[in-house]
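Heads up: the structure comes next, in structure tokens.
Computed over heavy atoms, backbone and side chain alike; hydrogens, waters and symmetry mates excluded. All of these numbers come straight from a predicted model, not from anything done at the bench. By convention in this document, chain letters (A, B, ...) are assigned in the order of the sequence lines, proteins followed by strands, and residues within each chain are numbered from 1.
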Number of protein chains: 2
Amino acid sequence: MKNSQLYKGSLNTIIMKLLEENGKMYGYEITQKVKAITQGELNITEGALYPALHKLEAEGILDVEIEKVDNRMRKYYKLTEAGTKETVNRLAELEDFIRTMQSLVNPKLEF
Amino acid sequence: MKNSQLYKGSLNTIIMKLLEENGKMYGYEITQKVKAITQGELNITEGALYPALHKLEAEGILDVEIEKVDNRMRKYYKLTEAGTKETVNRLAELEDFIRTMQSLVNPKLEF
DNA sequence: AGTTATGTATAAGAATCTTATGTATATTTG
DNA sequence: CAAATATACATAAGATTCTTATACATAACT
């Protein structure tokens, strides 16, 4: 998704957070949204996104709903009830992670 | 290194930052230092650490120096000149990454 | 007419990490 | 004193995640 290896492992959290915020989204929409929010910093590739979405669906985190718009297929994903709960955990983990990395990189400061 | 997948890809940056700060360190020392700094949050496994050190050495980022202390072997690693330069880049990448993740998770706030 | 944008999908390979195992010495604990 | 824990390095098999390439299809722009 980026030249930097750091983004590895963060895709699921990103997807879940966006869905929590926007209710339902389709794959292509997610890629564009992330690109916009990060001002081009982060480009999610399809090869990473679609398998991730399928896996989250298989795990019961996401529900899917197919629509046809302008004669093109769209698969809208939204969080299940379990997915909504899990998102809370994932976001807490992300905050812990960021705090931990800050403490490693900036050991002098308090956060 | 942790139950959370988020730490994937951050090991190299962590190693390089610690070596930048402490001059030279050996593997086991790194694992203990990280555990201490993060108050147990992050435990680097040997299966991740040693291959990472070997690779950084092969890439010319690290130099190695073997010592024998208390009849036990220690391999001290330190940044090469190129490694020191690269560390600057990696830390900048980490800050960008953290900022980007913040903007995704906390889109209302400014950073 | 050809390129770009929209939209989803998968497969091969790379990279990173987990888990398990192996070797060896020193120290602590029951 | 024997056993467990700590110190110290190493690798191999497998899991997971991602990149890169490819594939299909329609819409819009140039």
Side-chain angles (χ1 to χ4, degrees), chain A residues 1-16 24-36 40-59 61-62 64-77 90 93-94 97 101, chain B residues 1-16 24-36 40-59 61-62 64-77 90 93-94 97 101:
Chain A
M1 42 212 294
K2 183 75 200 316
N3 33 337
S4 167
Q5 296 288 86
L6 293 166
Y7 290 92
K8 272 194 189 249
S10 60
L11 180 55
N12 286 342
T13 304
I14 291 170
I15 292 170
M16 289 162 75
K24 67 173 188 177
M25 299 179 80
Y26 55 100
Y28 187 74
E29 186 185 9
I30 292 174
T31 66
Q32 300 308 304
K33 188 81 173 180
V34 168
K35 202 185 290 184
E41 251 275 306
L42 182 52
N43 289 295
I44 297 176
T45 58
E46 308 101 312
L49 179 64
Y50 291 113
L53 287 171
H54 300 161
K55 196 177 178 217
L56 287 171
E57 189 193 349
E59 288 168 358
I61 306 283
L62 302 185
V64 77
E65 192 185 313
I66 299 178
E67 281 186 33
K68 204 150 194 177
V69 179
D70 280 333
N71 208 33
R72 272 198 242 91
M73 179 177 57
R74 277 189 194 166
K75 289 180 74 173
Y76 277 98
Y77 290 92
R90 299 293 181 96
E93 265 182 15
L94 177 58
F97 167 69
M101 290 305 289
Chain B
M1 44 216 290
K2 184 71 202 316
N3 34 336
S4 166
Q5 295 289 84
L6 293 168
Y7 290 93
K8 273 193 188 247
S10 60
L11 180 55
N12 286 342
T13 303
I14 290 171
I15 292 170
M16 289 164 74
K24 66 174 189 176
M25 298 180 81
Y26 56 100
Y28 187 74
E29 187 185 8
I30 292 173
T31 66
Q32 300 307 303
K33 187 83 172 179
V34 167
K35 203 186 288 184
E41 251 275 307
L42 183 51
N43 290 295
I44 296 177
T45 59
E46 308 101 310
L49 179 64
Y50 291 114
L53 288 172
H54 300 161
K55 197 177 178 216
L56 288 171
E57 189 193 349
E59 288 169 356
I61 305 282
L62 302 185
V64 77
E65 193 184 314
I66 299 178
E67 280 186 33
K68 203 149 192 178
V69 180
D70 281 331
N71 209 33
R72 271 198 244 90
M73 177 177 59
R74 277 187 193 170
K75 290 179 74 173
Y76 278 99
Y77 290 92
R90 298 293 180 95
E93 265 182 16
L94 177 59
F97 167 68
M101 290 306 288

Are A:Y7 and A:E41 linked by a side-chain donor-acceptor pair shorter than 3.5 Å?
yes
Answer whether the closest heavy-atom distance between the side chains of [X] and [Y] falls below 4.5 Å.
X	Y	value
B:M16	B:I61	yes
B:N43	B:V34	no
B:T31	B:T45	no
A:M73	A:I66	yes

Phosphate OP1/OP2 of [N]: any [X] side-chain N/O under 4.0 Å:
X	N	result
B:Y26	D:dA8	yes
B:Q5	C:dC17	no
B:K55	C:dA15	no

Please report the distance, rounded to the nearest Å, between [atom1] in [X] and [atom2] in [N].
X	N	atom1	atom2	answer
B:Y7	D:dT17	OH	C1'	18 Å
A:E29	C:dT8	CD	P	9 Å
B:L49	D:dA12	CG	P	17 Å
A:R74	D:dC24	CZ	P	24 Å
A:N43	D:dC18	CG	C1'	14 Å
B:Q32	D:dT5	CD	P	16 Å
B:L53	C:dA15	CG	P	18 Å
B:I30	D:dT7	CD1	C1'	15 Å

Quick one: which of C:dG7, D:dT17, D:dC9 gets closest to the side chain of B:Y28?
D:dC9
With the side chain of A:L11 defined as its heavy atoms from C-beta on, choose the nearest nucleotide among C:dT19, D:dC18, D:dT17.
D:dC18
With sequence neighbours excluded, residues passing salt bridge (Lys or Arg N to Asp or Glu O under 4.0 Å) with A:E65:
A:K24, A:K78
Who pairs with A:K55 by salt bridge (Lys or Arg N to Asp or Glu O under 4.0 Å), at least two apart in sequence or on another chain?
A:E59
Contacts under 3.5 Å, N or O only, protein and nucleotides 9-11 of chain C:
| from | atom 1 | to | atom 2 | distance (Å) |
| --- | --- | --- | --- | --- |
| C:dA9 | OP1 | A:K75 | NZ | 2.6 |
| C:dA9 | OP2 | A:H54 | NE2 | 3.0 |
| C:dT10 | OP2 | A:H54 | ND1 | 3.4 |

Begin with the C-alpha distance, continue with both residues' side-chain angles, and end with the deciding distance and a verdict on ring-ring contact (aromatic ring centres under 6.0 Å, His included) for B:Y26 and B:Y77.
CA-CA 6 Å; B:Y26 56 100; B:Y77 290 92; 9.8 Å; no
For B:K33, does the NZ atom sit with more than 12 other heavy atoms under 6.0 Å from it, leaving out its own atoms?
no
Which residue, A:V69 or B:N12, contacts DNA chain C at a nucleotide closer to its 5' end, judged by nearest heavy atom?
A:V69
Scan nucleotides 27-29 of chain D against the protein and return all N/O pairs shorter than 3.5 Å with their distances rounded to 0.1 Å.
| from | atom 1 | to | atom 2 | distance (Å) |
| --- | --- | --- | --- | --- |
| D:dA27 | O4' | A:R72 | NH2 | 2.9 |

Taking any heavy-atom pair under 4.0 Å as a contact, classify B:K68: base, sugar-phosphate, or nothing.
nothing
Considering residues at least two apart in sequence or located in another chain, which fulfil the side-chain contact (heavy atoms from CB on, under 4.5 Å) criterion with A:Q32?
A:Y28, A:K35
